[in-house]
2 protein chains.
Amino acid sequence: MANRKKKPTLDRRSNCPVACVLDLVGDKWTLLVVRDLALGVTHFEEFLDSPEKIATNILSDRLKRLQAAGYITKETEPADKRKSIYTFTERGKELKTLMGLLARWGLKNIPNTSAEHPEL
Amino acid sequence: MANRKKKPTLDRRSNCPVACVLDLVGDKWTLLVVRDLALGVTHFEEFLDSPEKIATNILSDRLKRLQAAGYITKETEPADKRKSIYTFTERGKELKTLMGLLARWGLKNIPNTSAEHPEL
DNA sequence: CGGCTTTCATTGCATTTTGCAAGGTATCAT
DNA sequence: ATGATACCTTGCAAAATGCAATGAAAGCCG
């Protein structure tokens with residue numbers, strides 16, 4: 001085991017916390033999926049109903065990523081095995097707080113934004 | 001002037017504050033530019049020194065966007081007209097707080113992140 | 001069973017964005 | 001005048017996105 005550096009979580013652009021957060025959620029869709037999850041959405045089809053109209057391939061990809069990163073789990077609903085149920089892991093619940101921070105910043109700083117769901 | 005609706009800030013995906021924030025900074029680079037500005041970077045070349053190694057065309061584009069959106073200004077340095085100085089507008093300073101929120105969330109929730117500049 | 005619907009996901013293809021290297025212009029230094 | 005510096009653009013390959021269409025597995029219902 002000569003050159004086994006200790007797996008430094010590579011393909012990171014840097015160890016700057018800002019850069020790492022952007023590597024995780026720095027795109028136009030991931031946090032919208034998080035928003036919907038926070039609002040109680042659990043099924044694939046429900047995400048498609050949100051007003052931003054995410055495409056199915058993007059949604060599929062983002063759910064996979066979030067799952068791979070350990071922020072959500074995917075389970076088959078026992079009563080109907082066609083359905084999958086997506087939910088936050090404990091760790092994933094922190095994403096809700098992140099999304100909430102963004103939401104509050106947006107409400108304060110971007111004109112004409114409105115919170116459909118003030119509880120966030 | 002019949003059909004001059006009042007320019008409803010279109011090309012928005014929705015009026016959800018999360019979606020609007022993502023329309024502004026939902027990419028891998030914009031907030032890194034904001035970070036550098038917050039750290040005192042003012043010249044084009046300095047942004048290129050950051051460890052994430054942004055490409056010149058992307059940097060040029062992001063500076064333009066931030067300027068177009070009224071968050072930063074671009075001025076020519078009087079003493080050396082080759083140089084441009086990029087600085088936050090009053091409104092742009094709010095981007096620092098947004099970036100700071102992300103940074104703190106990342107430090108707390110993403111392993112092996114380190115703050116080079118704890119003042120943020 | 002046999003056909004039809006629902007749910008989740010993939011595929012193909014056009015468009016857009018990114019990444020990288022090279023080139024270009026204006027300004028400055030000697 | 002020559003060369004270096006600062007900012008930006010261009011060209012082109014690679015990747016991500018948007019979209020419509022297609023699958024596959026599971027359920028529903030005669």
Side-chain angles (χ1 to χ4, degrees), chain A residues 10-14 18-34 36-37 40-69 72-87, chain B residues 10-14 18-34 36-37 40-69 72-87:
Chain A
L10 218 47
D11 35 284
R12 252 184 208 192
R13 293 180 292 176
S14 74
V18 180
C20 289
V21 170
L22 292 174
D23 285 339
L24 178 65
V25 300
D27 73 273
K28 297 212 180 300
W29 294 109
T30 301
L31 281 180
L32 292 182
V33 172
V34 169
D36 289 348
L37 283 165
V41 165
T42 53
H43 301 319
F44 197 87
E45 296 277 319
E46 296 178 279
F47 292 100
L48 304 179
D49 293 337
S50 288
E52 296 85 7
K53 296 292 168 244
I54 190 170
T56 59
N57 54 348
I58 310 276
L59 175 58
S60 184
D61 177 79
R62 293 307 187 276
L63 289 170
K64 256 178 218 155
R65 279 169 181 272
L66 286 171
Q67 188 186 356
I72 66 173
T73 59
K74 174 185 180 176
E75 298 164 283
T76 299
E77 175 166 321
D80 183 346
K81 289 176 188 150
R82 287 171 305 177
K83 297 187 179 178
S84 291
I85 301 181
Y86 299 94
T87 48
Chain B
L10 219 47
D11 35 284
R12 256 186 204 190
R13 294 180 293 175
S14 75
V18 180
C20 289
V21 171
L22 293 174
D23 284 340
L24 178 65
V25 300
D27 72 275
K28 297 213 180 302
W29 292 111
T30 302
L31 280 179
L32 291 181
V33 172
V34 169
D36 289 348
L37 284 165
V41 164
T42 52
H43 302 317
F44 197 88
E45 296 277 319
E46 297 178 278
F47 292 99
L48 303 178
D49 292 339
S50 288
E52 295 86 7
K53 295 292 168 244
I54 190 171
T56 59
N57 52 348
I58 309 278
L59 175 57
S60 184
D61 177 79
R62 295 305 187 274
L63 290 170
K64 254 177 220 155
R65 278 170 182 273
L66 286 171
Q67 189 187 357
I72 66 174
T73 59
K74 174 185 180 177
E75 298 164 282
T76 300
E77 175 167 322
D80 182 347
K81 289 175 188 150
R82 288 172 304 179
K83 296 187 180 178
S84 291
I85 301 182
Y86 299 95
T87 49

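Residue numbers start from 1 in every chain, and the chains themselves are labelled A, B, ... in the order their sequence lines are given, proteins ahead of strands.
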Measure [atom1]/[X] against [atom2]/[N] and give the value in whole Å, please.
{"X": "B:Glu46", "N": "D:dT5", "atom1": "CD", "atom2": "P", "value": "16 Å"}
{"X": "B:Lys74", "N": "D:dA6", "atom1": "NZ", "atom2": "P", "value": "15 Å"}
{"X": "B:Glu75", "N": "D:dA6", "atom1": "CD", "atom2": "P", "value": "19 Å"}
{"X": "A:Ile85", "N": "C:dT6", "atom1": "CD1", "atom2": "P", "value": "19 Å"}
{"X": "B:Leu32", "N": "C:dT18", "atom1": "CG", "atom2": "C1'", "value": "15 Å"}
{"X": "A:His43", "N": "C:dT6", "atom1": "NE2", "atom2": "C1'", "value": "12 Å"}
{"X": "B:Glu52", "N": "C:dT18", "atom1": "CD", "atom2": "P", "value": "16 Å"}
{"X": "A:Leu59", "N": "C:dT7", "atom1": "CG", "atom2": "C1'", "value": "12 Å"}

Which atom pairs link the protein and nucleotides 13-20 of chain D when you take only N or O atoms and keep those under 3.5 Å?
| unit_1 | atom_1 | unit_2 | atom_2 | d |
| --- | --- | --- | --- | --- |
| D:dT17 | OP1 | A:Arg62 | NH2 | 2.9 |
| D:dT17 | OP2 | A:Arg62 | NH2 | 3.0 |
| D:dG18 | OP2 | A:Trp29 | NE1 | 2.7 |
| D:dC19 | N4 | A:Asn57 | ND2 | 2.6 |

Those residues that, when tested against [X], pass side chain to side chain contact (heavy atoms under 4.5 Å, CB included) (two or more places apart):
{"X": "B:Arg65", "value": "B:Asp61, B:Arg62"}
{"X": "A:Lys28", "value": "B:Arg13, B:Asp23"}
{"X": "B:Thr56", "value": "B:Phe44, B:Leu48"}
{"X": "A:Ser84", "value": "A:Lys74, A:Tyr86"}

Would you tabulate the nitrogen or oxygen pairs shorter than 3.5 Å linking the protein to nucleotides 24-30 of chain D?
| unit_1 | atom_1 | unit_2 | atom_2 | d |
| --- | --- | --- | --- | --- |
| D:dG27 | OP1 | A:Lys81 | N | 3.0 |

Testing D:dA6, C:dT10, D:dC8 for proximity to the side chain of A:Lys64, the answer is C:dT10
Taking all non-hydrogen atoms of both residues into account, name the closest pair between B:Cys20 and B:Ser14 and its distance.
-> SG-O, 3.4 Å
Is the phosphate of C:dT7, meaning OP1 or OP2, less than 4.0 Å from a side-chain N or O of A:Tyr86?
-> no
Take A:Lys83 and A:Thr42, measure what side chain to side chain contact (heavy atoms under 4.5 Å, CB included) needs, and give me the verdict at the end.
-> CA-CA 10 Å; A:Lys83 297 187 179 178; A:Thr42 53; over 6 Å; no
Within the distance-only criterion (no hydrogens, no angle test), does the side chain of B:Asp27 pair as donor or acceptor with the backbone N or O of B:Thr30 below 3.5 angstrom?
-> yes
Where the side chain of B:Lys53 meets the backbone of B:Ser50, is there a donor-acceptor pair that is under 3.5 Å apart?
-> yes
